[in-house]
Each structure stands twice: as structure tokens, then as C-alpha cells.
Amino acid sequence: MTTLTIGIIGAGRIGRLHVDNLRLIPQIRIKSISDVFVTDQLKAWADEKQIEVVTADYHDLLNDSDIQAVFICSPTSTHATIIKEAAEAGKHIFCEKPVSFSVEETEAALAVVEKSGVKLQVGFNRRFDANFRKVRNLVQEGTIGTPHVLKITSRDPQPPGVDYIKSSGGLFMDMTIHDFDMARYIMGSEVVEVSAHGAVLVDSAIGEAGDIDTAIITLKFENGALGVIDNSRQAVYGYDQRLEIFGDKGVAQADNVRETTVEVSTVDHVQKEKPLYFFLERYTQAYIDEVNEFISVCLQNKEVSCSGFDGLQAERIAKAAKQSLETGVPVQLNQLVKAK
């Protein structure tokens, strides 16, 4: 293939972001977009973006023989069903994280993808951040020697609304899942044990909705290394995204991204700029690079670097973290309790 015709399922914030990034790629034609709420505003926006078809039914995209690939940007509860239907329709698939809220549903969807032979890329955009990718490369090249300890800090600038919390799948599945994927990606080893502690320290309404807003998770990896993740729904100074990996020959760190690297030192203070405030600012280029990767995979028939299996493993770690939080004991991944 030299060109790719795409359909977008879900016209929310992330769906529209992918449209803007896809329009930067010359080989792409975005033919259709579907959303359960088709408004005049959506039609006007689609017309501005030169999207030919706006529909309330995503099946119109799956039944369109022109469309070769779809981006699934709808709510998580719909992902597994749409993945299976898209795979059966022979469409390549880019799906936002997580694949589903159920390990069993994800496994079933991946089985259909495997049988159909289509490509499936999961939207763990942080893998495409240049800083994190550099750290991974240093680990793979042996620059820091044998990894011993991985530390990941991931804190949002402010919590989402309670309505979102109720449908998010919980902190581990919604937020920390990025960090679980990053832990596997950086370490290059599978997680074998998870221990999680959580609290409601930011907003009592989050606790009333059945979730936590602050967490510490410890990981044990197959290669013997250890990991620590800390999360908060509110860092008042901005979007806090850092990691460090320590090995027997050294350490590699990725710091926060700021608008500039200027640091001012006077007799009164040393000052530098706050981290970029929101994930759309922090990961602008990563979002562009991940869709470029997917298009390249489809056009050149390459292997996906962020696969359905990666999505499944991150979900399994998230489930283990929730189980550990509820039981108060570490959870072995190979002994994860199946959903009833």
C-alpha cells in the first residue's frame, strides 16, 4: 500500500487529537468519523478537517470497503467489542488504552485479532517520548549495566471530575496503567509480583466514588530487579513525569519537560520553570510519533512495537495492583484471581 484510508471511532478529545496528527501525514485519507452524539458542531468540525462522512454508527465505518484501518477512541467499555468486529471486517486497528477493563475480554479480543491477521497497536503514547525511549535504549545497550531499581513518578496536575472517576476503571486501570506499561518497556522484563498501597488524600469525593487518588506500587521483575511507582491525582506545580533506572554500572534519569531549560540564580533564589501543565502539552510529539508508527506498520507490513500483548500485560498488572490493595498482600501475576 502507498496510501491508507482511515475511520475514526469516537470524536472526543483524543479522537480529535488523532485527526489533527493524522492530517500531518501525506499518505493518509480520513474518510469517516463516528460518534454517538452527532451534532452540528461535530459536522462543522469534520467539514473543516475534510472528513467526508460523519455518522452515529461505527458499523458504517467497518462496513465501508474503502476504509483500511480504524482508530478506536470511544469509551473503554466499547473497545473489546469494536476490536473484534473491526478485526473480523479486516481493518487494521489502533486502540486507545486500556483494551478493556477485563483481562478475559482483552484475551478474547486479541484471539480474534490473531486469527484475522490484522495489525493492532495499543495507544501507550509514552513509549514514543524521546526522553523515555533514550533511557530504554541505554538500558538495552548495557550503559547502566544490570538494572537493579526502577523508579517512576507520575502525578496529574488536577483530578478529573467525579463522573469520570466512576467510569474510569479506577486509578490503576486509568492512570497507573501507563506506568505499568512503562515499567515493562524500560526494564525489558516482565513483572512477576505487585504490591500496592493507596489512599484518598486529594478529594474525598474520589473516595466516595469508590476509588483512590494517591498510590505507591512496588514491583518485582522476572530479571530480579525491583520497581517503585508513585501516583497522585494532584500535583499543584504541574504534570509531574519522571523516571530513573539504577544499575550496577550507573543510573539513567528522565526529568520533567519544561517550556525552557533556563534557570535563574540570584542572591535570593534559584528558579526554573514549572513542568508543562497538561498531558497534551507534555506528550505532543509522542502522540504524533505513535500515529506515524502505526501508519508505517500498516503501509509497510511491519511488526507493531506496542502490541495487544503489551496492552494485556499492563491490564494484568493493574488487576494485580487492585487485588493487592484490597487484600493487603502482594500478588503474584501467575496467581492473579480471574474475574467472576
Side-chain angles (χ1 to χ4, degrees), residues 14 17-18 21-22 24-25 69 71-73 76 79 83 92-99 106 110 113 119-141 143-144 147 150-156 172-191 217 219 221-223 225 227 229 231 239-245 252-257 276 278-298 300 302-318:
I14 198 67
L17 174 70
H18 286 318
N21 291 337
L22 286 165
L24 301 173
I25 306 173
F71 275 63
I72 302 176
C73 310
T76 298
H79 288 182
I83 286 173
H92 298 306
I93 305 160
F94 181 101
C95 182
E96 278 302 324
K97 65 81 195 170
V99 175
T106 296
L110 298 188
V113 170
K119 307 291 187 182
L120 169 62
Q121 181 172 322
V122 178
F124 284 124
N125 62 291
R126 296 181 193 180
R127 286 178 173 237
F128 297 86
D129 176 77
N131 302 294
F132 296 155
R133 182 163 281 189
K134 173 67 173 179
V135 172
R136 171 183 162 86
N137 290 342
L138 290 170
V139 173
Q140 290 186 319
E141 292 162 3
T143 303
I144 65 156
L150 172 67
K151 296 180 180 179
I152 298 176
T153 292
S154 180
R155 304 168 184 157
D156 285 352
F172 298 137
M173 190 65 74
D174 172 55
M175 180 180 174
T176 324
I177 196 164
H178 276 292
D179 307 311
F180 295 144
D181 179 68
M182 187 55 50
R184 295 180 60 249
Y185 174 72
I186 295 293
M187 186 63 71
S189 180
E190 293 296 343
V191 172
I217 306 103
L219 309 172
F221 293 90
E222 194 172 48
N223 64 4
I229 298 169
N231 293 135
Y239 192 43
D240 194 354
Q241 299 283 292
R242 292 170 284 140
L243 66 80
E244 171 190 290
I245 187 160
Q253 300 165 315
D255 201 352
N256 281 311
V257 175
L276 295 177
F278 200 42
F279 73 92
L280 294 179
E281 298 172 278
R282 170 63 178 82
Y283 291 114
T284 297
Q285 190 61 47
Y287 278 113
I288 293 171
D289 290 346
E290 74 170 352
V291 299
N292 272 285
E293 165 105 354
F294 177 68
I295 300 311
S296 176
V297 162
C298 294
Q300 301 176 33
K302 299 194 303 186
E303 290 298 315
V304 175
S305 66
C306 189
S307 67
F309 177 75
D310 294 314
L312 173 64
Q313 291 300 88
E315 286 177 36
R316 294 183 72 236
I317 301 168

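This chain uses plain numbering: 1 for the first residue, then up along the sequence. Computation of the quantities below employed the complete heavy-atom set of this structure, encompassing side-chain atoms and omitting hydrogens, waters and symmetry-equivalent molecules.
Between His178 and Ser154, every side-chain heavy-atom pair lies at or beyond the 4.5 Å cut-off. Residues Tyr239 and Phe278 have side chains not in contact (no heavy-atom distance under 4.5 Å, counting atoms from C-beta outward). Here the side chains of Val139 and Ile245 are in contact, with some heavy-atom distance below 4.5 Å. Leu150 is listed as a side-chain neighbour of Phe221, based on a closest heavy-atom distance under 4.5 Å. Lys151 has its side chain out of reach of Leu243: every pair of non-hydrogen atoms, C-beta onward, lies at least 4.5 Å apart. Side-chain atoms of Ile83 and Val113, non-hydrogen and from C-beta on, do get closer than 4.5 Å to each other. Taking the side chain as every heavy atom from C-beta outward, Gln241 and Val257 never approach each other to under 4.5 Å. Within the 4.5 Å cutoff, the side chain of Glu315 has no heavy atoms near those of the Phe180 side chain.
Checked against a 6.0 Å centroid threshold, the rings of His92 and Phe294 do not count as neighbours.
Remark: Glu303 CD is loosely packed, at most 12 non-hydrogen atoms of other residues, nucleotides or ligands lying under 6.0 Å away. Within 6.0 Å of the NZ atom in Lys302, the count of heavy atoms belonging to other residues, nucleotides or ligands exceeds 12.
Residue Arg242 holds its CZ atom at 5.0 Å from CZ of Arg155, rounded to the nearest 0.5 Å.
Residues Lys97 and Asp174 are paired through a salt bridge, judged by an N-O separation under 4.0 Å between the basic side chain and the carboxylate. Looking at Arg127 and Asp129, no side-chain N of the basic residue comes within less than 4.0 Å of a carboxylate O on the acidic one, giving no salt bridge.
A cation-pi arrangement is not found for Arg126 relative to Tyr287, the charged atom failing to lie both closer than 6.0 Å to the ring centre and inside a 45° cone about the ring normal.
Between the side chain of His79 and the backbone N or O of Cys95, no donor-acceptor pair lies under 3.5 Å.
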